[in-house]
Amino acid sequence: MRIRALPLIGAAAVAAAQLLAAAGGAPAAAAAVPVQVRVNQVAYPPAGAKVAYAMLPARVSGVSFTVAGAHGAVLRGRSGAEAGSWNSRYRAVYRLPFSAVRRPGRYRITVTGGGRSATSPPFTIGATRAQYGRLVSNAVRYFTSERDGIDVEHSVLNREPANLTDASAAVYAAPKYDSDDNLVGKLSRVGGPVNVSGGWFDAGGGYEKFAYTASYADGLLQIAQRDFPGRYPTLGPEARFGLSWLQKLWNPAKKTLYIQVGIGNGNASNTIQGDYNFWFLPQAEDRLNVTAGGNPGPSAYYVKYRPVFTAAPPGQQVSPEFAGRFAADFGLAAQLDSRAGAPRAAHMLTLARGIYAMAKTAHVGKIVTTFPNDYYGGTEWTSDMLWGAAELALADEALHAPAARLRADLRTASRWARAYIAQGHPAGGDTLNLYDNGALGEGELLRALRQAGRQPSAAGLITRRALLADLAVQLRRGEGQASGDPFGLGAQLGGSDATPHAFGLYITDALYQQYGGGGQFAAFAQQQLNFALGANGWGTTFVVGAGRAFPHCMQSEIANLAGSLTGTGRIQLGAVTDGPSSPSNFAGLGTVSGMRVCSAGRFGPFDTKSAQYEDNVVAWPSVEPADDYTANSLLAFAFAAARG
C-alpha cells in the first residue's frame, strides 16, 4: 500500500487525537448494540447472485428478513447462514440471500433476529447500466478535478490554473532519503528546463505528479474508452489529457524518461520543505514568495519550482515497469487513433516500441517507483512487460503491421506471460491493482490472440487456455481469502489496499468471462463490487457520491478547501478511497495549518483488531483518494454497466 505521512505542526498531534476520538465514540453496552444490515447501496443486477448481511451482537438460531419495495414485500426468508464473527460487539454475521428477487425496482431489507430489528439503506435491482454508467462518468470527473497546469475545468470545484512553473522545470539527480523519508543532503541540478506541465495530481493529500501511478491509471481509462466506444463522452478527452502528459515525460531523442514532478517530503530540519508541509489549493504554489525574507521564504523553493527526476540518466535503461506501462499507454493510443484514421497512430506505436526497448530486464534489483521509493513500494515488473507487449501486438493488428512483426510481438508477450505465470500466486500474494498488472496483460494478450486467429504461427505462442487458467488461479486465490472474511472480501483486510483490490478482482472476472472463461466466479466477483459499495462491516461505500453513506471528509486538499464537508452540494464526485486499513497506520496522524477540521460518521464500533476506518480529514489511511484507486473503479463500473 502507499505510505504517506503529513508532518505534525505545533499542537497538531492533540488536534488529531481529538478529531479521531470524535469519530469513534465510546462503546455502547452489549444489550444496546443495534442490529446492522449491509447491502450494495448502488445496484444489484436482475440476474445473478444477490446477498446482504446482518450483523448481530450474538449468535441466534436464525435471522428472518423481508425484501420490500414500492409494492410491498416481494420476498420473505430466514437465514441460518452464519458467516462468522466480526468483532467483540458484533459476534455474528449472517448472509441474507435474495437472488430470487429479479424484478427491477427500489428496495430495502428489514431484518429481525435475537429480538432486534433493523432496515437497510435503499438499493436498486436492475437499471445497472444507468447506475454504474453514472459512476463511470463520476470517476472521469474525479480525474478532471485533479488536473494540473493551464487546462483545468473551472466548473469542477472552481479549479484554477496551477503550477505554471512546471512548463520550464529543472531536472535533478535522484534524491536520497533516510528511513523516515527525510531528504538527505541537497538536490543537485543536472538538466532542464523541461516542460512537464499538465497531468493529474497523484492523490488527495499532495500535488506531486508520478509517472508510476499516472501511467497505470491512463492505461485503464484508455481500455475503457476502447472497449465501450461512444458511451461516455467525457472519458476520451480525459484519457487524452492524461496521455498528453505522459508524452511529455518521454524524450525519445535523448532516450530520457522523467518520472516525478515535485517532492512530498523535505528534510528533517525543514530548511527544505516539501509539498506535505502545506495545505492549500494548488494555484497557491505559484504565488509562494520564496525569496529571502518572504513568506514562506527560501525553504519552500522546491514547492514553487518543482524538481523533476528521471528514471535513469539519459540513454541508460529504465526500470521495466515504466517501460512496460508507457509502452502499453502509447500502444493503446495507437489503437484508438487507428479507429479514427488519425495519422498519429503510427507515431504512437513508434513511441511505444522505443520506450519498450529501453527496459532493463536483467539484474534489475530494486525497481524505481517514486522518490522516496516507499511511497509506492513496487516489487513486481514482469506483468508490466507482458502488458506493454500485448498492447504492441494489438496496435500491430489495428495498424495492419506485417505478419512477421505481429508474430514477433505476440511471442514477446507470450514469453513475459510465461514469466509472470511462473512467479505463481501463493496465498498472501497479489492480484490486480497498481502493483500487479498481470490480469490486464493476460486479458489484452487474450484479445490479441483472438483477433489474430490462425494468422500467426503458433510456435512460441502461449495458449489461450494457459492464460485463462492463470486468471482463474488469481480468482481462486481471492476466493480462498474471502472464505475467511464474513463479508467475502477477496483481499487481506487491513494492509493491502482493500478497495482497489476488490475492484481489481471484479475486473479480473470480467476479463476472464469476456475472453472465454465461464461464470463460476461471478458470484464471488459481484461480492467484491458489493463490498466496495456498502456490503462491508462499516456500512459505507468508499466511492464519493455512490450510495447513501460515502466519504465526506477526505484527505484531499481540493475537496477540503473548495468543496462541501457535508456530503452534499459541491463534492469531489467519483473519488475512491482505500477504506479500512491497519490500525497501526493511524498512529501519529497529523494535521497541517490551513486544513479544515472535518469528521463524519461513527465507525469505531465496527473496527476490528486488523482493520480500522475513519471518515476524517487527518485519516489518510482510510480516506485519501488516489488516481489508481479511481481508475480501478472506473473500469470495474464500465464492465458492470455493460452487463446491465
Side-chain angles (χ1 to χ4, degrees), residues 1 16-39 51-65 79-96 109 111-121 481-496 498-499 502 527 530-532 534-542 549 551 577-589 599-616 618-619 621-623:
M1 64 176 293
Q18 291 172 341
L19 287 171
L20 291 173
V33 173
V35 173
Q36 304 289 337
V37 187
R38 306 308 196 202
V39 298
V51 63
Y53 296 86
M55 301 172 67
L56 276 71
R59 297 177 65 181
V60 294
S61 60
V63 175
S64 298
F65 65 96
S79 173
E82 186 190 353
S85 175
W86 182 243
N87 63 14
S88 60
R89 280 173 169 260
Y90 291 96
R91 298 181 180 275
V93 177
Y94 290 85
R95 291 171 53 88
L96 312 176
I109 294 178
V111 167
T112 303
R116 299 178 175 89
S117 65
T119 300
S120 75
Q481 181 67 46
S483 66
D485 183 272
F487 294 93
L489 176 64
Q492 182 183 0
L493 188 63
S496 60
T499 304
Q527 178 49 27
N530 297 346
F531 175 91
N536 56 66
W538 294 268
T540 180
T541 82
F542 305 118
T577 68
D578 191 1
S581 188
S582 171
S584 63
N585 290 329
F586 293 82
L589 297 180
S599 177
R602 184 173 177 267
F603 298 101
F606 311 115
D607 290 340
T608 70
K609 292 181 179 179
S610 62
Q612 180 175 333
Y613 177 74
E614 296 283 355
D615 186 1
N616 189 313
V618 304
S622 282
V623 290

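Only this structure's heavy atoms are used, side chains among them; waters, hydrogens and symmetry mates stay out.
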With rounding to the nearest 0.5 angstrom, report the CD to OG distance, E82 to S61. 11.5 Å
Minimum heavy-atom separation for V111 to V37, with atom names? CG2-CG2, 3.7 Å
Non-hydrogen atoms of A482 and G488 that approach each other most closely: CB-O, 3.3 Å
Any residue meeting side-chain hydrogen bond (donor to acceptor under 3.5 Å, both in side chains) with S85, in chain and number order, not counting sequence neighbours: none
For the pair T541 (side chain) and A532 (backbone), establish whether a donor and an acceptor sit closer than 3.5 Å, ignoring hydrogens and angles. no
Side-chain heavy-atom pair N536, L489 within 4.5 angstrom cut-off: no
Y613 ring center within less than 6.0 Å of F606 ring center: no
Side chain to side chain contact (heavy atoms under 4.5 Å, CB included) between T540 and D615, worked out: CA-CA 10 Å; T540 180; D615 186 1; over 6 Å; no
Kindly compute the distance separating OG (S599) from CD (E614), expressed to the nearest 0.5 Å. 7.0 Å
Scanning both residues in full, the closest heavy-atom pair of Y53 with L96 reads C-CD1, 4.1 Å
Residues that Q36 engages under side-chain hydrogen bond (donor to acceptor under 3.5 Å, both in side chains), provided they are two or more places apart: R38, Y90
Minimal non-hydrogen separation, T577 against P551, with atom names: OG1-CG, 3.9 Å
Can you list the residues that meet the side-chain contact (heavy atoms from CB on, under 4.5 Å) rule with P580, with sequence neighbours excluded? L493, A498, F531, W538, F542, A611
N87 (side chain) donor-acceptor with P605 (main chain) under 3.5 angstrom: yes
Do Q527 side-chain atoms and F487 backbone N/O form a donor-acceptor pair below 3.5 Å? yes
Between Q492 and Q481, is any pair of side-chain heavy atoms under 4.5 Å apart? yes
Set of side-chain hydrogen bond (donor to acceptor under 3.5 Å, both in side chains) partners for S117, sequence neighbours left out: none
Could you check if a side-chain atom of P621 sits within less than 4.5 angstrom of a side-chain atom of L589, using non-hydrogen atoms only? yes
For a 4.5 angstrom cut-off between non-hydrogen side-chain atoms, does V39 reach P121? yes
R116 side chain vs L56 backbone, donor-acceptor pair below 3.5 Å: no
Residues at least two apart in sequence or cross-chain that pass side-chain contact (heavy atoms from CB on, under 4.5 Å) with S610, listed by chain then number, are T608
Quick one: side-chain hydrogen bond (donor to acceptor under 3.5 Å, both in side chains) partners of S483, sequence neighbours excluded? none
Any non-hydrogen side-chain atom of S79 less than 4.5 Å from a side-chain atom of F65? yes
Nearest atoms (heavy-atom pairs only) where R91 meets R59: O-CG, 4.4 Å
Exercise: identify the closest heavy-atom pair between M55 and V93: CG-CG2, 4.3 Å
